[in-house]
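Worth saying up front: this structure is predicted, and the values here are computed from it rather than measured. So that the names make sense, note that chain A is the first sequence line, chain B the second, and so on, each numbered from 1.
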Amino acid sequence: MTPDRKIAELSALIERYNREYYVEDAPTVPDAEYDRLLRELEALETAHPELRAPDSPTLRVGGAPLAAFEQVEHKVPMLSLSNLFSDMDAADFAARHAELVAFDERVRRELGVPHVGYAVMPKFDGLAVSLVYENGVLVRAATRGDGATGENVTDNIRTIRSLPLRLTGTPPARLEVRGEVLMLKKDFERLNAAQLAAGDKPFANPRNAAAGSLRQLDARVTATRRLSFFAYAIAEVEGAPWPATHQGEIDYLVGLGIPAVPPALRPVVDDAAGLAAYYEAILAQRATLPYEIDGVVYKVNQRAQQDKLGFVARAPRFAAAHKFPAEEALTTVEAIDVQVGRTGALTPVARLAPVFVGGVTVTNATLHNEDEVQRKDVRVGDTVVVRRAGDVIPEVVSVVLARRPMRAVPGADLFSPAEVALHDAWRLPGQCPVCGSHVVREEGEAVARCSGGFACQAQRAQAIRHFAGRRMMDIDGLGERYVEKLVDYGYVHRVADLYRLTLADLVAMKRRADAEDSGEPQDDSAPPEDLFAAIDDKTPTRWAENLLAGIAASRRPPLARLLFALGIRHVGEATAKTLADYLGRLDYVRRAPAALLAALPDIGTVVASSLADFFAEPNNEAAIDALLEAGVAPADEHVPSAALVPLLAPERLLARLGVPRLTETRAAQLASQVGTLASLAVLDRRAVIGLPLPAEVVNALADWLDEPANRAALTSLATLADELADAAPQGEDGAAQPFAGLTFVLTGTLPTLTRDEAKTMIEAAGGKVAGSVSKKTDYLVAGEAAGSKLDKATALGVKVLDEAGLKALLAI
DNA sequence: CTCCCTCGAGTTCT
DNA sequence: CTCGAGGGAG
């Protein structure tokens, strides 16, 4: 027999045994026989590498480990489901039923039909993945990621024995399947037993175990964990008809050999009562199911009706998740600490007696702010109900007042001062717990802040940590712990100091830190030789070299990241990008007055003055200068965007100067009369009063100009605006911005472009992409399965383009 | 002035 | 993930 025939035969046999074992749960051969066949196949493939098939069972044992997961873009975005009844007391049967009636009514009203069928299914507590089969062969698997881009985990997914590497029956040319990777309860228990036996830490719950296994860079490790996959939808099918119903989709996938829940667990129901009955039935079965679930999912069964309902923001309107009430537990509040954030925000945190809830042990829970503590009246010593909100963030739900410690002390009707302090209502301290500066709470704001600013050790450490973070300067190896130590020991006072650290500094710091952290608790018991052995080790030097390399590598960040890294209040990733895109150079951002910044899209008065104030503060100026001196400089500075020029029109700037009574309309009239900002700046009081505008307006303007600082600000604003306009691309380059001032809305799936690509193209041409259609929308770009946005656009008379139309418009 | 949506900020645990 | 604030549209 030729090797290729032999390989094909072995592969088929092994996959059949696989199915028997993992899918049908009825093995026909002993494990030893299976292993023997697999080894034989492996040997043959090693001898004839060119004959290794893309669906060979040997792929299931994993190959060489990866350095990192590759990013992959989802052709069809992976959406999340909106949650029914997210914050109500879902334990109440009647309320639950009422909500289901409302959901069903909404759907029927939107569709204009008397009755809708819903395909219902358990909601798995696992990880969503997307699988691509081409001509029946599994070619790619990706995690959800942010919905648009995920990680390529193909090697790991191939190790899932119950998942076919080649589809059975007649597979379509291309098939994209959405489903959940999870670990069955029994596999989880077995894994944890093995972990314990090997002296490794057990996983907290099946979900974590599945996540940890799927995220292994070495697929050989994943192969030793037993993961499962359950399909819940088709994202795309080519070369075969797309089933007309959701239930049909699942049946079709099962027919191709892809696992899904048994039909009894995924019926179609036809009204709110059916949804309710299904919810109650699954809730009752929850403990007996072989996997963890956290609720149920309702989907409109007919695909035609799904398309009609369309999408809102990032969630389909034809589907909803109905989560089970979060598991709750009782514990006690041992202390209420106050944390100081990067912006000085003081956050009370409840330190709790450890309690296992929702799959993890919780010891901390944020109390958000003083009002929240007061509203719930949480006190030290209280017994509280804790749950994990959205199954992630621990939350104190309420206080069990009946269990509040009695103040009564036996034999007395008074109680000791200590008792009083322990059980009194909690109040935020008037001083910062770290630096002692006084605490201020702005009128109408929920958060209280430490006024220490730069002087506060906590704020400084947090600011430096923020600076080094992954989405900012991305300094490899500089974690929270070491930032704190560097600040504590005085090596780093401001961010520029990072760039002056030496090898010796870092080694000394690490030794001290390690000695403090590990040595302290067992200082006396540890023999001195051990300590020396640790210090003599080469590791601190290697670690320090790596960190220095990381710091050096961060010297040329994109401007947007540098701006974000500075930690200016109200300036996050998006605002930093706006600033970088429009102004192009750090110097322009630093010099821009608030009125100019407020002329940029999505920047209003609050953000603009936060920026202007930041750059005017001498400490900050010095810190930035020091950074530049240390060799930190944005790598991508460019001339201001051509789209900036229309934003700097005199009337826009005038309206943003903060002159009393100078509204947008008045500013436009004023601009047409004086022409430029510079000419207004030189007008004397009489000339201003003489302008043909209402007396109250000209008087307010004249008063404002009488203030020398204001007049100077106007002059410098005029100068900078002119400078920016001159520096921006002119004439022909300006024509490269055919979409300047136009607003687009995207809907549906475009044939070749992803949403992100289309957005980038539009923005590159100077256009703006908005989320929803309104009268101000210039064009709607509609793709396949466009929903309500298309209807609205038609109703409002907004022009509708397809992808070809968009490209044609760009080409002009 | 009142919605609605996006962005920023803070937080937990593995 | 959730809350609150800011920005912009109606």
Side-chain angles (χ1 to χ4, degrees), chain A residues 80 82-83 86-87 127 146 195 200-216 312-315 323 326 337-352 354-369 371-372 375 386-396 442-449 458-459 462-463 465-466 469 471-472 480 563-564 567-579 597-611 656 664 743 745 768-777 796:
Chain A
S80 43
S82 51
N83 240 318
S86 52
D87 50 38
L127 300 109
D146 63 4
Q195 292 280 110
D200 290 331
K201 247 183 98 176
F203 289 96
N205 54 56
R207 188 183 190 285
N208 283 355
S213 304
L214 190 65
R215 303 224 35 184
Q216 286 289 335
V312 246
R314 285 210 330 278
K323 287 202 179 187
D337 288 351
V338 175
Q339 282 179 2
V340 185
R342 170 170 66 87
T343 62
L346 299 180
T347 310
V349 180
R351 306 292 177 200
L352 306 167
V355 59
F356 191 77
V357 56
V360 294
T361 305
V362 168
T363 52
N364 302 307
T366 175
L367 293 167
H368 297 113
N369 54 56
D371 290 351
E372 174 89 357
R375 197 165 59 240
V386 176
R387 73 167 168 220
R388 296 216 299 152
D391 273 338
V392 185
I393 314 273
E395 174 188 42
V396 172
E442 301 272 332
E443 185 81 21
E445 285 223 330
V447 288
R449 296 194 140 84
Q459 287 190 54
Q462 298 266 24
R465 192 162 70 90
H466 172 80
R471 283 141 70 226
M472 303 74 168
E480 176 167 16
L563 288 170
F564 183 25
I568 305 161
R569 266 244 259 161
H570 299 127
V571 178
E573 229 167 351
T575 309
K577 190 169 181 305
T578 303
L579 292 167
L597 295 167
L600 302 180
D602 301 321
I603 296 180
T605 45
V606 174
V607 179
S609 27
S610 168
L611 275 156
R656 288 163 174 79
E664 194 95 26
T743 302
V745 173
K768 211 180 130 119
V769 176
S772 58
V773 177
S774 72
K775 228 166 53 188
K776 296 197 68 172
T777 310
L796 290 171

Quickly work out the [X] [atom1] to [N] [atom2] distance and round it to whole Å.
X	N	atom1	atom2	value
A/His466	B/dG10	NE2	C1'	13 Å
A/Asn369	C/dT2	CG	P	17 Å
A/Ile568	B/dG8	CD1	P	12 Å
A/Arg465	B/dG10	CZ	P	10 Å
A/Asp200	B/dT14	CG	P	16 Å
A/Leu346	B/dT11	CG	C1'	15 Å
A/Gln195	B/dT14	CD	P	14 Å
A/Leu367	C/dT2	CG	P	17 Å

*Can you tell me which residue pairs pass the salt bridge (Lys or Arg N to Asp or Glu O under 4.0 Å) test with a partner in residues 597-610 of chain A, sequence neighbours excluded?*
A/Asp602-A/Lys768
side-chain N/O [X] vs [N] OP1/OP2, d < 4.0 Å:
X	N	value
A/Thr347	B/dT11	yes
A/Arg569	B/dG8	no
A/Thr343	B/dG8	no
A/Gln339	B/dT11	yes
A/His570	C/dG6	yes

*Within-4.5 Å side-chain heavy-atom neighbours: A/Ile603 and A/Thr575*: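 A/Ile603 reaches A/Thr575 side chain to side chain.
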I'd like a table of donor-acceptor pairs (distance under 3.5 Å, sequence neighbours excluded) in which one partner is a side-chain atom from residues 356-366 of chain A, with atom names and distances.
unit_1   : atom_1 : unit_2   : atom_2 : d
A/Asn364 : OD1    : A/Arg351 : NH1    : 2.8
A/Thr366 : OG1    : A/His368 : N      : 3.0

Ignoring the backbone of [X], work out which of [options] is nearest its side chain.
X	options	answer
A/Glu573	B/dG8, B/dG10, B/dT12	B/dG8
A/Val362	B/dC13, B/dG10, C/dG6	B/dC13
A/Thr575	C/dG7, B/dC7, B/dG10	B/dC7
A/Val607	C/dG6, B/dG8, B/dG10	C/dG6
A/Thr605	B/dC13, C/dG7, B/dT11	C/dG7

Could you work out, with side-chain hydrogen bond (donor to acceptor under 3.5 Å, both in side chains) as the rule, every residue matching [X], not counting sequence neighbours?
X	value
A/Ser213	A/Arg225
A/Gln462	A/Arg465
A/Asp371	A/Arg441

*What pair of heavy atoms forms the shortest contact from A/Ala576 to A/Val571, and how long is it?*
N-CG1, 4.0 Å
*Can you list the steps and then say if A/Leu579 with A/Leu597 is a side-chain contact (heavy atoms from CB on, under 4.5 Å)?*
CA-CA 8 Å; A/Leu579 292 167; A/Leu597 295 167; 3.7 Å; yes
_Which residues in residues 203-213 of chain A have a heavy atom closer than 4.0 Å to any atom of DNA chain C?_
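Heavy-atom contacts with DNA chain C come from no residue of residues 203-213 of chain A; none.
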